[in-house]
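The structure appears right after this line, and notes come after that.
Naming convention: chains lettered A, B, ... in sequence-line order (proteins, then strands); numbering from 1 in each chain.
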Amino acid sequence: MFRAPRGTSDLLPEQQKYWRYIESKAMELAGEYGFGRIDTPVFEDSGLFIRSVGEGTDIVEKEMYTFEDRGGDSVTLRPEGTAPVCRAYLEHGMHNLPQPVRMYYFCPVFRYERPQAGRFREHHQFGVEVLGDPDPSVDAEVIELASRFMSSLGLSDIDILVNSIGDPECRPAYISQLKTYYSGFTDRLCEDCLSRLDRNPLRLLDCKVETCRALGDEAPRSSDHLCQPCQEHWDRLRDYLAAMEISYQVDHRLVRGLDYYTRTVFEVQPRDVGGQSTILGGGRYDGLIEELEGRPTPGIGFATGMERLTLNLQRGGIEVPEIVSPSYLVANVGAEARPAALKLAAELRRAGVGAILSSGSRALRGQMRQANALNVPYALILGEDEIQRGEVVVRDMASSTQETVPLQDFMGAVANRSA
RNA sequence: GCGAGCGUAGCCAAGUGGCCUAAGGCGCCUGUCUGUGGCACAGGAGAUCACGGGUUCGAACCCCGUCGCUCGCCCCA
């Protein structure tokens, strides 16, 4: 038997309510802030991601779904959402639009990883991007949006972590300080950290091994080594966040795995457990558009994982609205009633109300059971008697009461109610 | 890429060498109730016990391999 590929899953009808809930909240908020929706292709030229995400990153090095298409071009299933949006910004000359340009997206993203709790090979993101404005007020606004998004979902047990990792001006000097610091403790570093020392020194900071953590506490902090413009950006951001009364924590260990981030980085984490816990991550990427051969254009955004949001909604016991079932089940008895039932169901749907046609192959008893199991408020019963008299039995399932009414009157009432 | 655990019907599972032609529960279907649901009772369908090999007189159960799933590390949403 075929199964869904490793790390992927089917989103079954009974789970859809979470997604609908998250999507509706996200779209509502995005609209409030003036974001327009963008949808980009599921796959892109492989070079786009190699260039933007960074050659040395894990994503590019070992996680991309890259293949040659039949024409011999190398394409890659989108491993993240920001680069395609930037590509679209450039391709469609959006620098000619009023700046900044605000866009949001929902899309599947693909990374070849070992699946575990909250981590998949295909997952789905909601993300926002603001392109064309360097001002820290935009950072504050985007972080505020993230915060509002969490509270609108009902997720309250979360921390918002914020940091500044500088820019190409000041970061190299900081990184070399960091290396110097850690090089003095090579005897105390874990094996992973020893390799990070060469490959990705920033990552030393968020190692989870106890001894490494202790070293990280005392390590030089990026926010203490910012160049003057970065420092000013960082100071103003914190002023704005304070002015907006956003509760957040500065986390000097916060770094992100993609090369394009500059200055502001932030994450949202649930308060309880560790593991694959980050539910939202983002930051500023002022060099990215230029890296993609555009005029220097600043940008900032974040992405959230639908699956992790759902997980947290479920863990938090947060009630989400059920997807409404149709109002009517049309039961029918006897061969004569079958076409009449089909017609009635079709008319109801045309009138804008949902109707499920019950299979006439079952006894009426079975059809009523079905009505009960499907949780429809009303069952409509058509039998030969009703057909002859031009009537229909309308049964209110909740109160177990029913009345026989002329079909025309019933349809008239339905039309009035839905109008 | 590394480490650990687990695979018995759609789901939850009992069973740890013969009494297993595999218990029970949920769900599904049918009947009791000849055209009326939720409850109850009765019945039914649904399992090559993940797959392959081995040990044994005998394997769901022990051993080996494979595959799959889950969890952790790395990394990330």
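As rounded to the nearest Å, B:C6 and B:C19 have P atoms that lie 25 Å from one another. B:G37 sits 16 Å from B:G31 when the C1' atoms are compared, rounded to a whole Å. Distance check on atom P: B:U8 versus B:A40 gives 29 Å, rounded to whole Å. B:C62 and B:U16: their C1' atoms are spaced 10 Å apart (whole Å). Atom C1' of B:C61 sits at a distance of 16 Å from the matching atom of B:A23, rounded to the whole Å. Nucleotides B:C20 and B:C11 have their C1' atoms positioned 22 Å apart, rounded to a whole Å. Taking atom P on both B:G68 and B:C51, the two are 15 Å apart, rounded to the nearest angstrom. With P as the reference atom, B:A77 and B:C39 are 47 Å apart, rounded to whole Å.
Across every strand in view, B:A50 sits in a pair with B:U66 that passes the Watson-Crick or G-U test at under 3.5 angstrom. In a base pair of the Watson-Crick type (N1 to N3 plus N6-O4 or O6-N4) or a G-U wobble (N1-O2 and O6-N3), with each distance short of 3.5 Å, B:C2 is matched with B:G72. Pairing partner, B:G43: B:C29, with both Watson-Crick or wobble hydrogen-bond distances short of 3.5 Å. In this structure, B:U36 makes no Watson-Crick or G-U wobble pair, since no nucleotide meets both defining distances under 3.5 angstrom. Pairing of B:A14, defined by two Watson-Crick or G-U wobble distances under 3.5 Å, is not identified with any nucleotide.
The salt bridge (Lys or Arg N to Asp or Glu O under 4.0 Å) contacts involving residues 31-46 of chain A comprise A:E32-A:R148, A:R37-A:D39, A:E44-A:R87, where partners must be two or more places apart or lie in separate chains. For the ring-ring contact (aromatic ring centres under 6.0 Å, His included) condition, the pairs that include at least one residue of residues 169-218 of chain A, sequence neighbours left out, are A:Y174-A:H225, A:Y181-A:F185.
Distance, A:H123 NE2 to B:A77 P: 7 Å, rounded to whole Å. Atom CZ in A:R6 sits roughly 13 Å away from atom C1' in B:G1 (whole-Å rounding). Across the protein-nucleic acid pair, A:L364 atom CG and B:C33 atom C1' stand 12 Å apart, rounded to whole Å. In this structure, A:D396 places its CG atom 14 Å from C1' of B:U36, rounding to the nearest Å. Straight-line distance from the CZ atom of A:R121 to the C1' atom of B:G68: 12 Å, rounded to whole Å. Look at CZ on A:F106: it is 14 Å from C1' on B:A77, rounded to the nearest Å. Atom CE of A:M397 is separated from atom C1' of B:U36 by 9 Å (rounded to the nearest Å). One interatomic measurement links the two molecules: CD of A:E384 to P of B:U34, which rounds to 17 Å at whole-angstrom precision.
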Pairs: protein N or O with nucleotides 28-30 of chain B N or O, under 3.5 Å:
residue : atom : partner : partner atom : Å
B:C29   : OP1  : A:R362  : NH1          : 3.4
B:C29   : OP1  : A:R362  : NH2          : 2.7

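At a cut-off of 3.5 angstrom, counting only N and O atoms as typed in the model, there is a donor on one side and an acceptor on the other between the side-chain of A:Q402 and the base of B:U36.
Note on A:I381: a base of the nucleic acid sits closer than 4.0 angstrom, heavy atoms only. Counting any heavy atom pair closer than 4.0 Å across all strands shown, A:A371 reaches no nucleic acid atom. Within 4.0 Å (heavy atoms only), A:F120 reaches at least one base atom of the nucleic acid. Across all strands shown, A:R114 has heavy atoms under 4.0 Å from base atoms, whether or not it also approaches the sugar-phosphate. Backbone-only engagement by A:R3 is indicated by non-hydrogen atom pairs under 4.0 Å involving sugar-phosphate atoms exclusively. Residue-level contact check: A:E386 touches the bases, meaning some heavy atom is under 4.0 Å from a base atom.
With hydrogens and angles left out, the side-chain atoms of A:T278 and A:Q269 include a donor and acceptor closer than 3.5 Å. For the residue pair A:H233/A:D167, the side-chain donor-acceptor check at 3.5 Å is not satisfied.
When each of A:T401 and A:Y261 is assigned the nucleotide of RNA chain B with its nearest heavy atom, A:T401 is the one assigned upstream, toward the 5' end. Each of A:P5 and A:R111 was assigned the nucleotide of RNA chain B with the nearest heavy atom; the assignment lying further toward the 5' end belongs to A:P5.
The side chain of A:E63 sits closest to B:C75 out of B:C75, B:G37, B:C69. Counting only heavy atoms from C-beta on, A:P115 has its side chain closest to B:U70 among B:G38, B:A77, B:U70. When distances run from any side-chain atom of A:M368 to the nucleotides B:G37, B:C75, B:G72, the shortest one goes to B:G37.
Between B:G37 and A:R365, a contact under 4.0 Å exists linking OP1 or OP2 to a side-chain N or O. Residue A:R256 has no polar side-chain atom (N or O) positioned under 4.0 Å from OP1 or OP2 of B:C75. In terms of phosphate contacts, A:Q116 brings a side-chain nitrogen or oxygen within less than 4.0 Å of OP1 or OP2 of B:G72.
In this structure, A:R102 forms no cation-pi arrangement with A:Y33, as its terminal cationic atom is not both closer than 6.0 Å to the ring centre and no more than 45° off the ring axis.
With sequence neighbours excluded, the residues satisfying side-chain contact (heavy atoms from CB on, under 4.5 Å) with A:Q249 are A:D159, A:L161. Checked against ring pair (Phe, Tyr, Trp, His ring centres under 6.0 Å), A:Y260 has the following partners two or more places apart in sequence or in another chain: A:Y285.
You'll find the ring centres of A:F410 and A:Y328 inside the 6.0 Å limit. Taking the six-membered ring for Trp, A:F126 and A:F149 have ring centres closer than 6.0 Å.
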Less than 3.5 Å apart, which donor and acceptor atoms pair up between the side chains of residues 368-385 of chain A and the rest of the protein, not counting sequence neighbours?
residue : atom : partner : partner atom : Å
A:Q370  : OE1  : A:S358  : OG           : 2.8

